[in-house]
Colleague: 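This is the structure I have questions about; it appears just below.
Convention: sequence-line order gives letters A, B, ...; per-chain numbering from 1.
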Protein chains: 2
Amino acid sequence: MTASRVMNGRGGASEETRARVLAAAASLAYRPNTFAKGLKGDRSYTIGIVVPDIGNPFFPEVIKGAELAARARGFTLLTCNVVEDPEREAEVLATLLDRRVDGVIVCSARLEDKRLQQAIEPHRAAVLINRPMPRRVAGTIEIDFRTGLAEATRRLIARGRRRIAYIGGPPTSYSGRMRRAGILDALAEHGLELVAEEATTPDLEGGVDAARRLAGSGTTVDAVICYNDLIAIGALSVLRDAGLAVPGDIALLGCDDILAARLVNPPLSTIHVAKQDLGDAAMRMLIDRIEGRSLQHSIVIEPELVERGTT
Amino acid sequence: MTASRVMNGRGGASEETRARVLAAAASLAYRPNTFAKGLKGDRSYTIGIVVPDIGNPFFPEVIKGAELAARARGFTLLTCNVVEDPEREAEVLATLLDRRVDGVIVCSARLEDKRLQQAIEPHRAAVLINRPMPRRVAGTIEIDFRTGLAEATRRLIARGRRRIAYIGGPPTSYSGRMRRAGILDALAEHGLELVAEEATTPDLEGGVDAARRLAGSGTTVDAVICYNDLIAIGALSVLRDAGLAVPGDIALLGCDDILAARLVNPPLSTIHVAKQDLGDAAMRMLIDRIEGRSLQHSIVIEPELVERGTT
DNA sequence: ATGAAAGCGCTAACAT
DNA sequence: ATGTTAGCGCTTTCAT
């Protein structure tokens, strides 16, 4: 017991005893056993973070932000990759529960509402990124894509674009629906509608496929808005191969502002999201919830249009 | 005890008892306590993976490969980001030990040999990616950058390049030293030497800085080989801004073959590394070591030159 | 200031 | 086929 007190800096031990304990610990290369600590105590100082695909450059940045914030407060991160599969998401959330994590952050959850709520409720605390949820169940950090995309679409219209197409991402993505809604909002203000629409996987190949389908459909289009930058970059290569000028013939807009966006030619116009800040904010909110001070339930981050060479 | 037997599928329980236990477990939403399991047993079915920077697109791919392999065998991954700091690396390896992971994979370790060995030895099993180590201490997966870069340099020389510069990465990177050695090997075969050399951080900004220093030094150069693609892409933008033609005036070669490499303009010639395979191979080797069947100690993967538009 | 007892949830070893 | 005992390493509670 005395040793325990000394090792945890609880005081209540004479200076001499303290020194002896510390010396013994050092000579034995003592390290506390996390399992024993966790078995008794009700805290594991571990947090789970779930992302749809770590291979998508958006998420490592979020993880990085979250990890830095976690570490600063003495928490370790358990990163779980779901590979875009809702089943895996449920599975992973259960595993995290078994591991007695103190809380979970779920990025862009792919599970439908009811099952998501079921998977999350048993957790002591949770924060969702880009997905609404009753405050009792989870805190939320939302990027206001609806406003962001409405704004961007208005800009496109102001530049004379009328025949706008949308290439969407996973059907289960809440933020994807918001992006689409924002576009429709702006379009409606001008009595316009989407002239074409495709849905695809949120990666380069998905962009290539969708752009090909779009080109094959014969619909004339003067702007394409994409669910994310990866899709936009894939589409860009198809447009270029088809001999279309970007932005001369067709304007192109991505979303996320990943590293590659400014490297392609022409550099991709996109909607910038502060990815590390997102992870940082989520982690702070989660730790607040874990520690019982639930200051705020919902944070909304405004994304920012970055016009580069494709609009 | 009977419940334990049923839950672990150990048999030795009547069909009727089994059903009752399972029913009770379901109605209680029973989930085993990982800490209690871990406290008793000597296995946690958790593996730690340490990377220098999760923000560098190379590593998420490795993690993805490792995670897929781990999950297939019932292990969970603990991902740790070191942000290029050797101290953090030692710290993280100790934390992983506290968490009683069954083993660790360390990617491109930044710690110097002695401390690295000390940090790794107490672990039950370890595999290092791109760093040699005595077989008793850790298994290794190595990409043969020396041969790869020698080959690539020979190709550059064959194309008439003579004034070759190298922009290196972190001084503590073993694989960086191998890359450099490969270049020197090929150069020496033709009685050549490096005409200039810079070292920098392995990211876009590092590439920009180093290329500026190179340009400012006044040395004429007709080819630049870079530690990785990120540096090469940063350098590319500087060269372009300086009005230099790539590859007309200067050839440029990266390393890793990250996604962005084929997206820049002109597309970057680079040395392709099978990143997911790397993670997969490391995880298999680690699990073999954990389970006592240490089939092989060292795997060498040959990288492959991909010539695109910058050479 | 120090220590003894008990228990967290699980399983290996040993009965019955 | 089923149950009992004990102990993994730690901390909380209650003495001394």
Colleague: Could you state the atom-to-atom distance from CE of A/M7 to P of D/dG9 in whole Å?
Modeller: 15 Å
Colleague: Whole angstrom is fine here: how far is it from CG in A/L39 over to P in C/dC10?
Modeller: 9 Å
Colleague: Are the side chains of A/Y174 and A/M133 in contact, using a 4.5 Å heavy-atom criterion?
Modeller: no
Colleague: Which part of the nucleic acid, if any, lies within contact of A/R100, taking any heavy atom under 4.0 Å across all strands shown: a base, the sugar-phosphate backbone alone, or nothing?
Modeller: nothing
Colleague: Does a side-chain N or O of B/K37 approach OP1 or OP2 of C/dT11 to a distance below 4.0 Å, or not?
Modeller: yes
Colleague: Under the 3.5 angstrom rule, does the side chain of B/H123 hit a backbone N or O of B/L96 as a donor-acceptor pair?
Modeller: no
Colleague: Round to a whole Å and report the spacing from CD of A/E15 to P of C/dT2.
Modeller: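 Rounded to the whole Å, the gap is 10 Å.
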Colleague: Does A/R31 or B/R18 map to a spot on DNA chain D nearer the 5' end, using the closest nucleotide for each?
Modeller: B/R18
Colleague: Of the nucleotides C/dC10, D/dT11, D/dG9, which has the atom closest to the A/S4 side chain?
Modeller: D/dT11
Colleague: Measure the shortest side-chain to side-chain distance between A/H297 and A/R289 over non-hydrogen atoms and say whether it is less than 4.5 angstrom.
Modeller: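 They are in side-chain contact.
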Colleague: Is it the case that the side chain of A/D53 and the backbone of A/G55 share a donor-acceptor pair, with hydrogens and angles ignored and the cut-off at 3.5 Å?
Modeller: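 Present.
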Colleague: Taking CZ from A/R10 and P from D/dC10, how many angstroms apart are they, rounded to a whole number?
Modeller: 13 Å
Colleague: Dump the pairs, protein N or O against N or O of nucleotides 3-7 of chain D, anything under 3.5 Å, distances to one decimal.
Modeller:
unit_1 : atom_1 : unit_2 : atom_2 : d
D/dG3  : OP2    : B/T2   : OG1    : 3.3
D/dG3  : N7     : B/R5   : NH2    : 3.0
D/dG3  : O6     : B/R5   : NH1    : 3.4
D/dG7  : N2     : B/K40  : NZ     : 3.0
D/dG7  : N3     : B/K40  : NZ     : 3.3

Colleague: How long is the line joining CG of A/N33 and C1' of D/dT11, in whole Å?
Modeller: 13 Å
Colleague: Find the distance A/R20:CZ to C/dA1:P and express it as a whole number of Å.
Modeller: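 To the nearest whole Å, that distance equals 15 Å.
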Colleague: Is it the case that the side chain of B/K114 and the backbone of B/E112 share a donor-acceptor pair, with hydrogens and angles ignored and the cut-off at 3.5 Å?
Modeller: no
Colleague: Hey, are A/R284 and A/D288 close enough for a salt bridge, meaning a charged N less than 4.0 Å from a carboxylate O?
Modeller: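 No, this pair does not count.
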Colleague: For a quick test of reading the model: is some side-chain N or O of B/N8 closer than 4.0 Å to OP1 or OP2 of C/dT11?
Modeller: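 Answer is yes, contact under 4.0 Å.
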Colleague: For the helix from C/dA1-D/dT16 to C/dT16-D/dA1, what angle lies between the axis at the first five pairs and the axis at the last five pairs, to 10 degrees?
Modeller: 40°
Colleague: Given side chains that start at C-beta, do those of B/L68 and B/D280 come closer than 4.5 Å, heavy atoms only?
Modeller: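 Side chain of B/L68 against side chain of B/D280, heavy atoms only: no contact under 4.5 Å found.
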Colleague: Between the main-chain N or O of B/I258 and the side-chain N or O of B/D256, is there a donor-acceptor pair closer than 3.5 Å?
Modeller: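 Pair absent, no side-chain N/O of B/D256 close to backbone of B/I258.
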Colleague: Let me check something: any side-chain donor-acceptor pairs from residues 99-108 of chain B under 3.5 Å, sequence neighbours excluded? List them with distances.
Modeller:
unit_1 : atom_1 : unit_2 : atom_2 : d
B/R99  : NH1    : A/T46  : OG1    : 2.3
B/R99  : NH2    : A/Y45  : O      : 3.3
B/R99  : NH2    : A/T76  : OG1    : 3.0
B/R100 : NH1    : B/L97  : O      : 3.3
B/D102 : OD1    : B/S44  : N      : 2.9
B/D102 : OD1    : B/S44  : OG     : 3.3
B/D102 : OD2    : B/S44  : N      : 3.3
B/D102 : OD2    : B/Y45  : N      : 2.6

